[in-house]
**Q** 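A single structure is presented below for examination.
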Number of protein chains: 2
Amino acid sequence: MKSEPHKVFEQLLNSKGLKVTKQRNDILDYLLKAKKHVTPEDIYRDLNKKDANIGRATVFRTLHLLENAGFADKIQFADGRLAYEHKFARPHHDHMICVECSSVLEFSNATIEKIQEEISKKFMFKPLWHRHEIFGRCKKCNKMD
Amino acid sequence: MKSEPHKVFEQLLNSKGLKVTKQRNDILDYLLKAKKHVTPEDIYRDLNKKDANIGRATVFRTLHLLENAGFADKIQFADGRLAYEHKFARPHHDHMICVECSSVLEFSNATIEKIQEEISKKFMFKPLWHRHEIFGRCKKCNKMD
DNA sequence: TATATAATTGAGACTGATTCTCAATATCAT
DNA sequence: ATGATATTGAGAATCAGTCTCAATTATATA
């Protein structure tokens with residue numbers, strides 16, 4: 001049986017005349033099962049551990065596909081590395097990122113979102129997405145120094 | 001006569017046992033005179049147009065120095081490119097970045113800042129800096145399609 | 001089911017940004 | 001002026017991500 005996200009993904013592919021492939025499904029699977037943000041390199045490495053092989057290019061291509069379709073979000077660590085998470089049944093949220101251990105806490109705040117809307121409107125700016133990341137030290141890392 | 005920022009920069013260098021060099025001063029100058037965000041490549045290119053030469057490595061090294069000292073801030077365009085701006089006598093602000101033309105609008109909002117503080121406190125997270133970027137289409141680019 | 005068409009793939013070359021290495025040079029306290 | 005030490009630029013190295021292209025695979029339709 002196919003999971004709901006896979007069905008939705010197939011619909012997207014069909015609607016764009018794109019094909020359903022093993023690689024695309026594997027990457028979506030990986031993302032759905034991951035408990036935290038994963039890097040393209042994580043996906044490449046782990047999927048190649050198992051069966052056959054999957055190219056780096058395909059990993060990037062598929063992540064872009066998922067991102068553009070609104071099925072995945074990316075965050076960027078303090079050193080610039082990118083990581084992705086799926087968005088199925090996960091409401092929008094922003095992140096607090098530990099500069100020591102790269103752990104990520106999620107937050108969301110309706111007031112901030114509303115103010116963003118107002119500011120955009122005032123500047124006649126049409127917002128498409130935003131990134132709100134607070135960098136600092138998590139509870140654990142803060143204790144250690 | 002030395003500008004205030006240069007004096008402050010020299011103090012920083014002295015306090016860390018670092019040396020005041022022509023290259024460091026030139027880069028700070030460039031940043032101070034720039035009207036908008038500049039990329040490391042802008043700095044490298046323009047400073048080499050004039051006298052002598054300055055290495056790319058030095059540009060990056062100096063930008064990191066300025067950034068860590070809190071004298072410069074960086075933003076990242078939608079395609080990942082980095083750009084810097086100086087922070088002398090410029091209050092904190094965040095950005096709206098046009099995904100079409102990379103133009104940048106600034107905004108700041110005390111309520112958002114305050115909420116961030118509260119959220120951090122709640123999670124025992126010690127905030128060091130944050131990045132709040134709204135990506136979208138500026139007034140001009142929005143009209144064109 | 002076989003076939004035709006078009007999308008997809010992985011390998012590896014390529015790119016652009018940034019970092020590293022190291023010998024030559026410049027700064028600064030004395 | 002001198003010596004100790006930090007800084008420099010050139011170019012090699014690295015790294016993430018993109019591109020190219022010939023071989024492969026998915027899918028619509030006969």
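Numbered from 1 within each chain, the chains take letters A, B, ... in sequence-line order.
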**Q** Residues in side-chain hydrogen bond (donor to acceptor under 3.5 Å, both in side chains) with B/Lys74, at least two apart?
**A** B/Glu67
**Q** Find the distance A/Leu63:CG to C/dT8:P and express it as a whole number of Å.
**A** 15 Å
**Q** Tell me, please, which residues at least two apart from A/His132 pass side-chain hydrogen bond (donor to acceptor under 3.5 Å, both in side chains).
**A** B/Gln116
**Q** Which ILVMFWY residues can you reach from B/Phe135 by hopping between side chains whose heavy atoms are under 4.5 Å apart?
**A** A/Leu128, A/Trp129, B/Ile75, B/Phe77, B/Ile97, B/Val99, B/Val104
**Q** Could you list, one pair per line, each protein nitrogen or oxygen that sits under 3.5 Å from a nitrogen or oxygen of nucleotides 26-30 of chain D, together with the distance?
**A**
from: D/dA26; atom 1: O3'; to: A/Val20; atom 2: O; distance (Å): 3.4
from: D/dA26; atom 1: N3; to: A/Lys19; atom 2: NZ; distance (Å): 3.2
from: D/dT27; atom 1: OP1; to: A/Val20; atom 2: N; distance (Å): 3.0

**Q** For B/Glu41, check side-chain contact (heavy atoms from CB on, under 4.5 Å) against everything at least two apart and list the hits.
**A** B/Thr39, B/Tyr44, B/Arg56
**Q** Rounding to a whole Å, what distance do you find between B/Lys16:NZ and D/dT5:C1'?
**A** 17 Å
**Q** Once you round it to whole Å, what is the distance between C1' of C/dA7 and CG of A/Asn25?
**A** 15 Å
**Q** Provide, to the nearest angstrom, the distance between the CG atom belonging to A/Asn48 and the P atom belonging to C/dT9.
**A** 14 Å
**Q** Quick one: is D/dG9 close enough that its OP1 or OP2 comes under 4.0 Å of any side-chain N or O from B/Gln23?
**A** yes
**Q** Rounded to whole Å, please give me the gap between CZ in A/Phe9 and P in C/dT8.
**A** 10 Å
**Q** Whole Å only: how far is the CD atom of B/Glu10 from the P atom of D/dT7?
**A** 13 Å
**Q** Return the angle between end axes of the helix from C/dT1-D/dA30 to C/dT30-D/dA1, with five pairs used per end and rounding to 10°.
**A** 40°
**Q** So, using salt bridge (Lys or Arg N to Asp or Glu O under 4.0 Å) as the criterion, who are the partners of B/Lys139 when residues are at least two apart?
**A** none
**Q** My understanding is that a hydrophobic cluster links ILVMFWY residues whose side chain heavy atoms are under 4.5 Å apart, including indirect links. Using that, what else belongs to the cluster containing A/Met124?
**A** none
**Q** In chain order, what residues pass the salt bridge (Lys or Arg N to Asp or Glu O under 4.0 Å) check against A/Asp42, with sequence neighbours excluded?
**A** A/Arg45
**Q** What's the CG-P distance between A/Leu13 and D/dT25, to the nearest Å?
**A** 18 Å
**Q** Please report the interatomic distance CD(A/Glu106) to NE2(A/His92), rounded to the nearest 0.5 Å.
**A** 10.5 Å
**Q** May I ask you to list the residues sharing a hydrophobic cluster with B/Leu105, side-chain cutoff 4.5 Å, ordered by chain and number?
**A** A/Met96, A/Leu105, A/Phe107, A/Ile112, A/Ile115, A/Ile119, A/Phe123, A/Phe125, A/Ile134, B/Met96, B/Phe107, B/Ile112, B/Ile115, B/Ile119, B/Phe123, B/Phe125, B/Ile134
**Q** Might you list the N or O atoms of the protein lying below 3.5 Å from N or O atoms in nucleotides 10-19 of chain D, with each pair's distance?
**A**
from: D/dA10; atom 1: OP1; to: B/Asn53; atom 2: ND2; distance (Å): 2.6

**Q** In whole angstroms, how far is the C1' atom of C/dA17 from the CZ atom of B/Arg45?
**A** 15 Å
**Q** Looking at residues at least two apart in the chain, or sitting in another chain, which of them share a side-chain hydrogen bond (donor to acceptor under 3.5 Å, both in side chains) with B/Asn68?
**A** none
**Q** Would you say NZ of B/Lys87 has more than 12 non-hydrogen atoms from neighbouring residues, nucleotides or ligands within 6.0 angstrom?
**A** yes
